[in-house]
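Whatever order the structure lists ligands and atoms in, that order sets their numbers, starting from 1.
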Amino acid sequence: MAFAENDGVRLFYTVDGPADAPALMLSNSMGTTYRMWEPQLSDFAERFRVIRYDRRGHGQSDSPPSPYSLEQLGADALAIMDAAGVGRVNWLGLSMGGMVGMWLATNHPDRIEKLILSSAATFMGPPELWDGRIKTAQSRGMEVLAAPTMQRWFTPDFLKNSGDKVGEIREQFLQTTVDGFSGSCSAMRDMDQRETIRAITAPTLVVVGAEDQGTTPAEAAFIVSRIPNAKGVILRGSHIINVEAPEAFLTAVLDFLG
Ligand SMILES: O=C(O)CC1=CCC(=O)O1
């Protein structure tokens, strides 16, 4: 466990796996922590030097006031790579982690070897959606947002039958600060990467859950169509697909990374 710093913000990160292995950097969704990768961690760490981190406003990282921007979140990731002594990484980002990965691959192509975008989108309008979530968090706290969020993130079947798995993600969501959540919502509200991702040159895998209502299979197909060297895979499940379909997710990622 260690801390990097960007722009006066302390950022928590961990490193697992052999020091001389190729780097794999994992970037979580908004409202979760570095622990969301536990289903795949031990398998990844057999072959890669795995870097996980808490995005600003989450987990053990500092939580500066909202708003946040995609540029800041990308610069945070670069600061962590620098602190970990890694020049270039394979990037695996889920949801917001995918949006940050697109930004990095577009703006800092020298730092990204291969790119895996899971449950990601280039644009998530309308702005009123995000402003509404910010208003709810700021006026009523995170608790009231937890149930609708879990319903967006998992299929009804998984919500009913997953034992503790949803509970663990819900716990991470509830630990997110109002500032961290609001700042992340503002970054999503202000994001538009529909045109810019055309410039991505990294080999790219786009992973999506067949039942994801927010970052949909249609959006995944759009991303594949815009990034020159991209292919897609659809898995059974919804948004937090590495938790809902852990084995299929692992296989898809390892097959792609080679
Ligand atoms: O929470 C959602 O509905 C979808 C989402 C967007 C960014 C993220 O991390 O999750």
Side-chain angles (χ1 to χ4, degrees), residues 25-37 52-59 61 63 66-70 72-74 76-77 91-104 116-137 142-156 158-159 166 169-194 197 206-220 222-223 237-244 249:
M25 189 154 175
L26 310 181
S27 184
N28 35 286
S29 72
M30 62 185 283
T32 63
T33 73
Y34 79 109
R35 289 179 41 232
M36 72 161 283
W37 298 106
R52 294 180 293 160
Y53 71 102
D54 284 337
R55 182 170 300 113
R56 59 172 65 202
H58 293 75
S61 289
S63 192
S66 175
Y68 305 164
S69 69
L70 212 51
Q72 275 175 326
L73 302 177
D76 288 350
W91 181 274
L92 166 54
L94 189 142
S95 197
M96 197 162 181
M99 328 312 191
V100 175
M102 284 182 221
W103 186 89
L104 284 168
I116 303 156
L117 307 171
S118 178
S119 318
T122 49
F123 175 76
M124 288 200 82
E128 296 74 32
L129 170 85
W130 299 105
D131 286 334
R133 288 183 191 168
I134 293 171
K135 199 170 161 201
T136 303
M142 296 298 287
E143 175 78 40
V144 72
L145 288 160
T149 302
M150 296 308 113
Q151 281 155 18
R152 284 199 311 278
W153 284 3
F154 298 104
T155 60
F158 194 74
L159 282 174
V166 172
I169 296 292
R170 187 175 187 278
E171 230 10 78
Q172 293 172 30
F173 183 81
L174 288 173
Q175 282 166 11
T176 307
T177 64
V178 169
D179 276 332
F181 182 77
S182 305
S184 302
C185 286
S186 67
M188 290 295 88
R189 177 195 64 203
D190 301 338
M191 173 186 78
D192 187 351
Q193 306 198 81
R194 287 176 287 190
I197 60 166
V206 180
V207 182
V208 68
E211 294 178 64
D212 192 333
Q213 310 287 325
T215 54
T216 61
E219 174 65 14
F222 174 79
I223 296 171
S238 184
H239 189 62
I240 309 290
I241 193 69
N242 77 306
V243 172
E244 186 156 352
F249 185 88

task: With heavy atoms of H239 as the reference, note each atom of ligand 1 found under 4.0 Å away.
output: 4 (C), 5 (C), 10 (O)
- request: Test side chain to side chain contact (heavy atoms under 4.5 Å, CB included) on W103 and M191 and set out the steps.
  value: CA-CA 10 Å; W103 186 89; M191 173 186 78; over 6 Å; no
statement: Under 4.0 Å from one or more heavy atoms of S29, ligand 1 contributes atoms 9 (O)
query: M124 heavy atoms, cut-off 4.0 Å: which ligand 1 atoms fall inside?
result: 6 (C)
message: Heavy-atom pairs closer than 4.0 Å: do any link ligand 1 to the side chain of W130, the backbone, both, or neither?
response: side chain
query: Taking only heavy atoms of M30, which atoms of ligand 1 are found under 4.0 Å from at least one of them?
result: 7 (C), 8 (C), 9 (O), 10 (O)
Ligand-side contact atoms (ligand 1) for residue partner M188, heavy atom cut-off under 4.0 Å: 7 (C)
task: Using a 4.0 Å heavy-atom cut-off, say whether R133 meets ligand 1 through its side chain, its backbone, both or neither.
output: side chain
Sub-4.5 Å side-chain heavy-atom contact between L70 and Q193: yes
message: Using only atom types and a distance under 3.5 Å, with no angle test, would you say the side chain of S119 pairs donor to acceptor with the backbone of H239?
response: yes
task: Output the list of atoms in ligand 1 that are nearer than 4.0 Å to some heavy atom of M96, sorted by atom number.
output: 7 (C), 8 (C), 9 (O)
query: Any idea which of R152, M99, Q151 brings a heavy atom closest to atom 3 (O) of ligand 1?
result: R152
field: Considering all heavy atoms, the nearest Y53-Y34 contact
entry: O-CB, 3.5 Å
query: Among side-chain atoms of S238 and E244, is any donor-acceptor pair under 3.5 angstrom?
result: no
Atom 8 (C) of ligand 1 - nearest protein heavy atom and its distance: S95 OG, 2.6 Å
message: Under a 3.5 Å cutoff, is there a donor and acceptor pairing between the side chains of R55 and S61?
response: no
- request: Check the pair W37, N242 against side chain to side chain contact (heavy atoms under 4.5 Å, CB included), reporting the backbone distance first and the verdict last.
  value: CA-CA 8 Å; W37 298 106; N242 77 306; 3.6 Å; yes
